[in-house]
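For reference, the structure discussed in these notes is given below.
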Amino acid sequence: AQKITQTQPGMFVQEKEAVTLDCTYDTSDQSYGLFWYKQPSSGEMIFLIYQGSYDEQNATEGRYSLNFQKARKSANLVISASQLGDSAMYFCAMREDYMDSNYQLIWGAGTKLIIKP
Amino acid sequence: GAGVSQTPSNKVTEKGKYVELRCDPISGHTALYWYRQSLGQGPEFLIYFQGTGAADDSGLPNDRFFAVRPEGSVSTLKIQRTERGDSAVYLCASSDPGQPLNEQFFGPGTRLTVL
């Protein structure tokens, strides 16, 4: 069965430093996608970045990049130059990407990131 | 354009009562999902609609839960005989499977509290 593991329940990081949020996954599928979402205290899930299992390059989106190591089944999120507004819960999620998939997301437990001024 | 909206934002009910939670997806998104998020946890899949039909309802915990999407747009999640264990945030998401990433866009959620 598919599973997402986020081993860091909480992290404190100094403003302007880079931070890496860990995510490992387990799947027997060959075609899948990995997502990171941010959930501020307001509750809404905000899509940050996506990595496809066949993508050869790591995904980047502004200050966000994804360190994808397929053989190790890890998809860590890197946030460069952290800002106070980055304080939030961060979730890693996986989706099966084959024909007739229901495209549901399988979620990790999340990491609470707090940026210190 | 407008994002996914959910009403009500908060719902407090008594054990045994019936509740309805509404989701209005992004216009043109044919896929719609319901998830449930308990405190301190990641969301759990409940049901997926493609158009009007429930393509996968395997995540519904029991037959007290039911969802509809009669016209392929707005969806309603219905919970009968609510129990205290149903208390959670119910998230709705929509997506366009025709887009390359088919990423899901989420609404703000409905916080359900069963007393």
Side-chain angles (χ1 to χ4, degrees), chain A residues 1-10 21-25 31-55 59-61 64 66 88-112, chain B residues 2-11 23 25-26 29-51 53-60 67 88-112:
Chain A
Q2 292 186 327
K3 185 179 179 182
I4 295 285
T5 302
Q6 294 181 254
T7 58
Q8 304 153 310
L21 305 181
D22 294 341
C23 172
T24 58
Y25 60 93
S31 182
Y32 53 88
L34 296 156
F35 296 79
W36 278 91
Y37 281 82
K38 173 183 179 181
Q39 188 176 41
S41 55
S42 59
E44 190 161 346
M45 284 287 186
I46 301 168
F47 166 69
L48 296 178
I49 195 166
Y50 166 85
Q51 181 84 40
S53 59
Y54 292 115
D55 293 342
T60 60
E61 193 69 49
Y64 305 108
L66 204 152
M89 284 290 292
Y90 288 80
F91 290 95
C92 179
M94 178 168 59
R95 182 187 73 194
E96 298 171 326
D97 278 345
Y98 56 83
M99 191 175 292
D100 297 333
S101 167
N102 68 2
Y103 302 119
Q104 67 160 290
L105 292 171
I106 308 297
W107 300 79
T111 295
K112 184 169 185 176
Chain B
V4 179
S5 62
Q6 292 185 246
T7 54
S9 55
N10 281 284
K11 177 69 177 178
C23 172
I26 292 172
H29 281 191
T30 58
L32 186 145
Y33 302 80
W34 284 98
Y35 295 87
R36 179 168 71 174
Q37 186 176 22
S38 299
L39 191 63
Q41 298 180 21
E44 294 177 295
F45 169 76
L46 295 177
I47 187 169
Y48 158 60
F49 287 90
Q50 179 55 47
D56 186 345
D57 64 358
S58 61
L60 296 178
V89 175
Y90 289 80
L91 296 170
C92 176
S94 70
S95 75
D96 179 358
Q99 291 297 311
L101 296 188
N102 189 19
E103 72 268 37
Q104 294 178 23
F105 295 86
F106 284 79
T110 293
R111 182 176 298 277
L112 175 66

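Throughout, protein chains are lettered first and strands after them, A, B, ... in sequence-line order, and every chain is numbered starting at 1.
Taking every heavy atom of both residues into account, B:Leu101 and A:Phe35 meet most closely at O-CZ, 4.1 Å. The two residues B:Asn102 and A:Arg95 come nearest to each other via the heavy atoms O-NH1, 2.9 Å. For the pair B:Phe45 and A:Gln104, the tightest heavy-atom approach, listed with the atom from each and the gap, is CB-OE1, 3.2 Å.
Of the listed residues (B:Gly42, B:Pro43, B:Ala55), the greatest number of heavy-atom pairs within a distance under 4.5 Å of chain A belongs to B:Pro43. Ranking B:Gln104, B:Gln41, B:Gln6, B:Gln50 against chain A, the residue ahead of the rest is B:Gln104, based on heavy-atom pairs under 4.5 Å.
There is no contact between A:Gln6 and chain B, counting heavy-atom distances below 4.5 Å. If you measure heavy-atom distances from B:Glu103 to chain A, the contacts under 4.5 Å come from both the backbone and the side chain. For B:Gln37, the part sitting under 4.5 Å from any heavy atom of chain A is the side chain, from C-beta outward, and nothing else.
Side-chain rings of B:Phe106 and A:Trp107 approach one another, their centers coming within less than 6.0 Å.
Side-chain atoms of B:Tyr35 and A:Leu105, non-hydrogen and from C-beta on, do get closer than 4.5 Å to each other.
The backbone N or O of B:Ser95 lies less than 3.5 Å from no partner atom in the side chain of A:Tyr103, so there is not a single donor-acceptor pair.
For A:Glu61, the side-chain contact (heavy atoms from CB on, under 4.5 Å) partners are A:Ile49, not counting sequence neighbours.
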